[in-house]
There are 2 protein chains.
Amino acid sequence: MTPPRYQRRKEDRPAEITAAAFETFAEKGYANARVEEVARRAGVSKGLLYLYFKTKEELFKAVIRSVVLPRVDGLLRQVEDRSKSPTAFIRGPVREFMQQLPGSPVAVIIKLMLTEGSRHPDLVEFYWDNVASRGLEALRTLLKRGIANGEFRETRLAEFPHLVIAPVVMAVIFRLLFQQQTLDSDALIDTHIEILLEHLAAEPEGSP
Amino acid sequence: MTPPRYQRRKEDRPAEITAAAFETFAEKGYANARVEEVARRAGVSKGLLYLYFKTKEELFKAVIRSVVLPRVDGLLRQVEDRSKSPTAFIRGPVREFMQQLPGSPVAVIIKLMLTEGSRHPDLVEFYWDNVASRGLEALRTLLKRGIANGEFRETRLAEFPHLVIAPVVMAVIFRLLFQQQTLDSDALIDTHIEILLEHLAAEPEGSP
DNA sequence: TACACTGCTGACCAATCAGTCAGTAAGAGA
DNA sequence: TCTCTTACTGACTGATTGGTCAGCAGTGTA
């Protein structure tokens with residue numbers, strides 16, 4: 001009459017465990033997250049967790065992959081879309097992406113990368129290859145496309161796409177650190193984008 | 001004939017220990033830094049360290065204070081100096097400060113704040129009160145001063161001094177994370193400052 | 001030189017936690 | 001319904017490390 005103590009759900013366990021691990025890492029950071037707590041949140045024993053993930057570090061990597069990869073691919077695919085002009089693209093999808101980032105799981109991943117990156121060089125490499133470098137490259141392409149079709153002026157900004165996303169990084173960090181301080185990151189990003197577009201649209205000196 | 005096993009140097013110990021702790025925290029982060037290692041680097045036993053600092057956390061706070069406070073005061077005092085125009089000030093001291101930051105001990109502190117901040121709320125508060133809010137306020141003052149004397153146009157940028165320093169934060173983080181990837185942060189910051197000044201100097205629309 | 005004060009040492013303790021494994025029971029297959 | 005595979009449990013272990021403290025030895029004083 002007692003219900004079974006557990007159910008066998010081989011298929012679902014890994015995803016449930018990485019989800020629980022994401023929550024736990026988000027709250028505690030890697031070093032302070034207890035494997036036991038991850039297991040408890042996943043409704044599973046510690047032993048089972050170790051059946052699916054060989055070590056805590058393996059688990060960590062699985063979390064990063066599960067959160068980051070689906071998102072990145074979605075965004076980068078949009079850059080391929082040439083139906084929008086670069087200006088419209090920046091005011092549209094880029095702005096939208098930037099505004100939702102500070103509250104998204106990716107922000108948590110960024111924090112974890114900062115926090116734990118130095119101890120997991122292969123993870124940083126993975127992140128660089130799959131996220132950071134691809135994102136910067138996409139922005140650079142976008143800027144160059146605008147310059148090529150005369151929509152943007154020649155500018156060194158095209159060499160530093162970092163400047164486009166710097167305010168988002170700033171906003172993410174600001175929120176992580178000074179949670180009690182409010183920051184209207186949407187307005188911040190709007191202001192930033194207007195400054196950027198103004199710069200990109202300006203005539204070079206000496207032109208009419 | 002054997003030299004004394006140690007010397008009594010009550011006065012110097014605290015500074016030597018915080019210096020050793022800074023190095024250790026910089027390399028390992030807080031959680032992974034061993035108190036024993038700090039003591040060894042300071043040429044001191046673990047017991048002595050605990051004589052001067054009650055806990056590892058106290059030590060951590062002392063490190064932050066010792067690195068951050070002297071630097072902040074120096075910089076902020078310059079903003080009081082009204083002999084330079086806001087434009088010259090941004091092109092001069094502000095730019096210089098921004099360019100040297102990524103390689104300075106303050107960058108390490110920023111990393112530590114990010115890494116450990118959530119577990120030391122009182123430290124974050126200290127940092128906010130003494131560093132971040134004062135720095136942002138100084139920038140805001142500078143921008144408003146330029147607007148007031150007609151050197152800068154009216155702009156929402158004055159509400160978001162964060163945008164001025166965002167690229168530095170970006171550069172610091174980029175270096176911390178992707179050490180192998182080179183980033184010409186001086187050029188990045190130069191580009192950023194030119195974009196900013198261009199924006200600040202531009203006539204509002206509708207003006208001659 | 002003797003003495004006392006205290007800066008300093010390092011062996012030790014207690015707590016924490018990643019990872020293990022012997023055993024249990026769900027539930028598929030016959 | 002019985003059997004056998006294996007998903008699953010949770011008590012346990014070994015290693016690590018923050019923090020303690022009894023005593024040792026420099027150093028100033030008389």
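Below, chains carry the letters A, B, ... as their sequence lines are ordered, and counting in each starts from 1.
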Chemist: At a heavy-atom distance below 4.0 Å, which nucleotide of DNA chain D is the first touched by chain A, and which is the last?
Modeler: D:dT6 to D:dG10
Chemist: With sequence neighbours excluded, tell me which residues meet side-chain contact (heavy atoms from CB on, under 4.5 Å) with B:T191.
Modeler: A:R156, A:F160, A:L163, B:I195
Chemist: Mind jotting down which residue pairs meet the side chain to side chain donor-acceptor pair (under 3.5 Å) criterion with at least one end in residues 67-77 of chain B? Sequence neighbours excluded, please.
Modeler: B:D73-B:R134
Chemist: Whole-Å distance between C:dC21 C1' and A:Y50 OH?
Modeler: 14 Å
Chemist: If each of A:R13 and A:E36 is mapped to the nucleotide of DNA chain D with the nearest heavy atom, which maps nearer the 5' terminus, i.e. the 5' end?
Modeler: A:R13
Chemist: Should A:E37 and A:R41 count as an ion pair when the cut-off is N to O under 4.0 Å?
Modeler: yes
Chemist: Under the side-chain contact (heavy atoms from CB on, under 4.5 Å) test, which residues partner B:E198, sequence neighbours left out?
Modeler: A:R153, A:H199, A:A202
Chemist: Counting only non-hydrogen atoms, which of residues 41-49 of chain A are less than 4.0 Å from DNA chain C?
Modeler: A:K46, A:G47
Chemist: Under a plain distance cut-off of 3.5 Å, with no hydrogens placed, do B:Q99 and B:D190 share a side-chain donor-acceptor pair?
Modeler: yes
Chemist: Within the 4.0 Å heavy-atom criterion, would you say B:Y52 contacts the bases, only the backbone, or no part of the nucleic acid?
Modeler: sugar-phosphate
Chemist: Taking atom CD of B:E96 as the centre, does the number of heavy atoms from other residues, nucleotides or ligands within less than 6.0 Å exceed 12?
Modeler: no
Chemist: For every nucleotide of nucleotides 25-30 of chain C, 5' to 3': is a protein heavy atom under 4.0 Å from its base (B), only from its sugar-phosphate (S), or from neither (-)?
Modeler: BBS---
Chemist: Where is the tightest heavy-atom contact between A:R13 and A:G43, given as atom of each residue plus distance?
Modeler: NH1-O, 4.4 Å
Chemist: Take A:R95 and A:M98 through the test side chain to side chain contact (heavy atoms under 4.5 Å, CB included) and record every step on the way to the result.
Modeler: CA-CA 5 Å; A:R95 188 173 123 237; A:M98 288 170 88; 5.7 Å; no
Chemist: Which whole-number value in Å describes the distance from A:E37 CD to C:dC17 P?
Modeler: 10 Å
Chemist: Shortest non-hydrogen contact from A:Y30 to A:L112?
Modeler: N-CD2, 4.1 Å
Chemist: Applying side-chain contact (heavy atoms from CB on, under 4.5 Å), name anything that partners A:V169, two or more places apart in sequence or on another chain.
Modeler: A:I173, B:M170, B:I173
Chemist: Go through the structure and list residues passing side-chain contact (heavy atoms from CB on, under 4.5 Å) with A:T55, not counting sequence neighbours.
Modeler: A:E57, A:E58
Chemist: Answer with base, sugar-phosphate or nothing: what part of the nucleic acid does B:A33 contact at a heavy-atom distance below 4.0 Å?
Modeler: sugar-phosphate
Chemist: Should we count NZ of A:K84 as having more than 12 external heavy atoms under 6.0 Å?
Modeler: no
Chemist: Taking salt bridge (Lys or Arg N to Asp or Glu O under 4.0 Å) as the test, write out the residues that go with A:E125, two or more places apart.
Modeler: none
Chemist: Going by number, which of residues 113-124 of chain A have a non-hydrogen atom under 4.0 Å from DNA chain C?
Modeler: none
Chemist: Strictly below 4.0 Å, heavy-atom distances to any atom of DNA chain D: list the hits from residues 16-32 of chain B, or just say none.
Modeler: none
Chemist: Suppose the criterion is side chain to side chain donor-acceptor pair (under 3.5 Å): which pairs have a residue in residues 158-179 of chain B, not counting sequence neighbours?
Modeler: B:R175-B:S185
Chemist: Please work out whether the ring planes of B:F60 and B:H120 are parallel, tilted or perpendicular, with thresholds of 30° and 60°.
Modeler: tilted
